[in-house]
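These notes concern the structure reproduced below.
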There are 2 protein chains.
Amino acid sequence: MNTPNLTKNQALVLDVLSRSEQPMSAYTILDKLRDNGFRAPLQVYRALEKLLDFGLVHRLESLNSFVACSHKHESCCQHHGTVAFAICEKCGQVSEFHDHAIDDRLRGWAQQKGFKAEKTTIELRGLCSACMG
Amino acid sequence: MNTPNLTKNQALVLDVLSRSEQPMSAYTILDKLRDNGFRAPLQVYRALEKLLDFGLVHRLESLNSFVACSHKHESCCQHHGTVAFAICEKCGQVSEFHDHAIDDRLRGWAQQKGFKAEKTTIELRGLCSACMG
DNA sequence: CAATCTATGTAATAACATAACACGACCATT
DNA sequence: AATGGTCGTGTTATGTTATTACATAGATTG
Ligand SMILES: [Zn+2]
Ligand SMILES: [Zn+2]
Ligand SMILES: [Zn+2]
Ligand SMILES: [Zn+2]
């Protein structure tokens, strides 16, 4: 999916997410954008839907929250395939990474089972190095 | 975690989940158990919490739903480490599997980054072989 | 018995997400 | 210019998922 020009609301939502150190729920984003005229959850959800399509934002399923993609300038490949997330329970920091070996294993399983995967979620919850005692 | 005797409510919830072909939300479980005296969501959530602890039930994060564990009698290992799920969008069927190579890769990444993973979620959404055109 | 722990019941509320309808901007075709 | 279509938007209401707070009852134990 290529990334066309963003609309006003999309740009606002992406901006808020990009500045955040932590994942944000749709309602947290809404609160941050009240001063910009946001009044209702749908304004956030509609923007998020597009940003997810464009690959500019990821949804963390285990958190019902969203993060800006941090994969952009990586050397190994252009458009990421499956992305994995490590989420610190304490400080909330999210590390986005991908691993082609894991992709391969999952693809192999799917092929063998005749399963056609449209979307893959990989999320680690735990403690980041900075937060470990 | 060893599995002690289940309480009445835990047994009811596990029974409903075990009979289901598909994952169930807490509220769907609640509806199924109205005739057994269930009146409030908390009765379900409390039972689920314990069943998750015991490893008898898994939560599907991308669905906000729950399935009974189907990993019990597998040959390769006793207690599963990380479990992955393939979820058919059409028929709802869930296949639970695990892959030690994936575990190893994730463990390797975590070790390298100093991340201590407490819980890992792997979910594939797509179409099962029976549902593909 | 008193203290404590666990399971339970109930009501209220919080948090997350979508449906339905309306309106205006934009653009292509006529 | 008028028509129709798509898209983004605004607003209200509603649906779905999960938790907080408080109360009760039974089992356990010192
Ligand atoms: Zn890559
Ligand atoms: Zn941390
Ligand atoms: Zn195994
Ligand atoms: Zn299917």
Side-chain angles (χ1 to χ4, degrees), chain A residues 1-17 20 22-54 56-67 87 89 92 119 121 123 125, chain B residues 1-17 20 22-54 56-67 87 89 92 119 121 123 125:
Chain A
M1 174 97 26
N2 53 357
T3 87
N5 292 333
L6 299 181
T7 67
K8 175 166 152 284
N9 284 3
Q10 290 160 17
L12 285 167
V13 167
L14 181 58
D15 183 63
V16 164
L17 271 180
S20 172
Q22 304 183 356
M24 300 176 82
S25 75
Y27 280 75
T28 303
I29 296 169
L30 175 58
D31 286 339
K32 292 278 184 197
L33 290 176
R34 297 245 181 234
D35 293 344
N36 295 275
F38 276 50
R39 314 292 308 275
L42 255 193
Q43 294 174 281
V44 177
Y45 281 109
R46 289 202 274 230
L48 284 172
E49 183 182 4
K50 295 295 184 180
L51 293 170
L52 289 167
D53 284 348
F54 301 154
L56 297 174
V57 162
H58 298 295
R59 176 184 167 86
L60 301 178
E61 300 289 352
S62 67
L63 246 41
N64 294 328
S65 293
F66 304 84
V67 286
I87 303 160
E89 305 276 359
K119 170 91 168 58
T121 298
E123 296 177 16
R125 305 280 298 270
Chain B
M1 174 96 27
N2 52 357
T3 88
N5 291 333
L6 298 182
T7 67
K8 174 164 153 285
N9 285 4
Q10 289 161 18
L12 285 167
V13 168
L14 180 58
D15 184 62
V16 165
L17 271 180
S20 174
Q22 304 183 356
M24 302 177 80
S25 76
Y27 281 76
T28 304
I29 295 169
L30 175 57
D31 286 340
K32 293 279 183 194
L33 290 176
R34 297 243 181 236
D35 293 344
N36 295 273
F38 276 50
R39 314 293 307 273
L42 210 56
Q43 294 173 283
V44 177
Y45 281 109
R46 287 202 276 230
L48 285 172
E49 182 182 4
K50 295 295 185 178
L51 294 169
L52 289 166
D53 284 347
F54 301 154
L56 298 174
V57 163
H58 298 294
R59 177 184 168 85
L60 301 178
E61 300 290 352
S62 68
L63 246 41
N64 294 327
S65 293
F66 304 85
V67 286
I87 303 161
E89 304 277 359
K119 171 87 169 59
T121 298
E123 295 176 17
R125 304 280 297 270

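Scope of the values below: all heavy atoms of this structure, side chains included, with no hydrogens, waters or symmetry mates. Here is how names work: the chains are called A, B, and so on, in the same order as the sequence lines, proteins then strands, and each is numbered from 1. Just so you know, these numbers come straight off a predicted model, no measurement behind them.
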Legend entry - Any side-chain heavy-atom pair of B/Leu17 and B/Leu56 under 4.5 Å: no
Inset, instruction - Hey, could you give me the CG/CD distance between B/Leu60 and B/Gln22, rounded to the nearest 0.5 Å? - result: 11.5 Å
Inset, instruction - Measure from the side-chain N and O atoms of B/Glu123 to the backbone N and O of B/Ser62, and report whether any donor-acceptor pair falls under 3.5 Å. - result: yes
Inset, instruction - Check whether any side-chain heavy atom of A/Phe66 sits under 4.5 Å from a side-chain heavy atom of A/Leu52, and report yes or no. - result: yes
Inset, instruction - With sequence neighbours excluded, tell me which residues meet salt bridge (Lys or Arg N to Asp or Glu O under 4.0 Å) with B/Glu61. - result: B/Arg59
Which pairs of donor and acceptor atoms, one on a side chain in residues 39-46 of chain A, lie under 3.5 Å apart (sequence neighbours left out)?
residue	atom	partner	partner atom	Å
A/Gln43	OE1	A/Arg39	N	2.6
A/Gln43	OE1	A/Ala40	N	2.9

Legend entry - Of all pairs that satisfy salt bridge (Lys or Arg N to Asp or Glu O under 4.0 Å), the ones with a partner from residues 26-37 of chain B, not counting sequence neighbours: B/Asp31-B/Arg34
Inset, instruction - Kindly state which residues belonging to residues 39-48 of chain B come within less than 4.0 angstrom of DNA chain C, counting heavy atoms of the residue only, listed by number. - result: B/Arg39, B/Ala40, B/Leu42, B/Gln43, B/Arg46
Legend entry - Outermost DNA chain C nucleotides near chain A [under 4.0 Å, heavy atoms]: C/dC16 to C/dA20
Inset, instruction - Drop me the distance from A/Thr121's OG1 to A/His58's NE2, to the nearest 0.5 angstrom. - result: 11.0 Å
Check residues 9-16 of chain B and write down every donor-acceptor pair under 3.5 Å in which the side-chain atom is one partner and the other belongs to a residue at least two apart or another chain.
residue	atom	partner	partner atom	Å
B/Gln10	OE1	B/Thr7	N	3.2
B/Gln10	NE2	B/Thr7	OG1	3.4
B/Asp15	OD1	B/Arg19	NE	3.3
B/Asp15	OD1	B/Arg19	NH2	3.1
B/Asp15	OD2	B/Arg19	NE	2.9
B/Asp15	OD2	B/Arg19	NH2	3.4

Legend entry - Nearest heavy-atom neighbours spanning A/Gly92 and A/Pro23: O-CD, 3.1 Å
Legend entry - Pair pattern of DNA chain C in dot-bracket, where unpaired bases get dots and | marks partners in another strand, Watson-Crick or G-U under 3.5 angstrom: ||||||||||||||||||||||||||||||
Inset, instruction - Quick one: pull up CE in A/Met24 and CG in A/Leu30 and give me the separation to the nearest 0.5 Å. - result: 10.0 Å
Legend entry - B/Glu89: salt bridge (Lys or Arg N to Asp or Glu O under 4.0 Å) partners, not counting sequence neighbours: B/Arg125
Legend entry - Segment of DNA chain D, first to last nucleotide, that comes within the 4.0 Å heavy-atom reach of chain A: D/dG8 to D/dT12
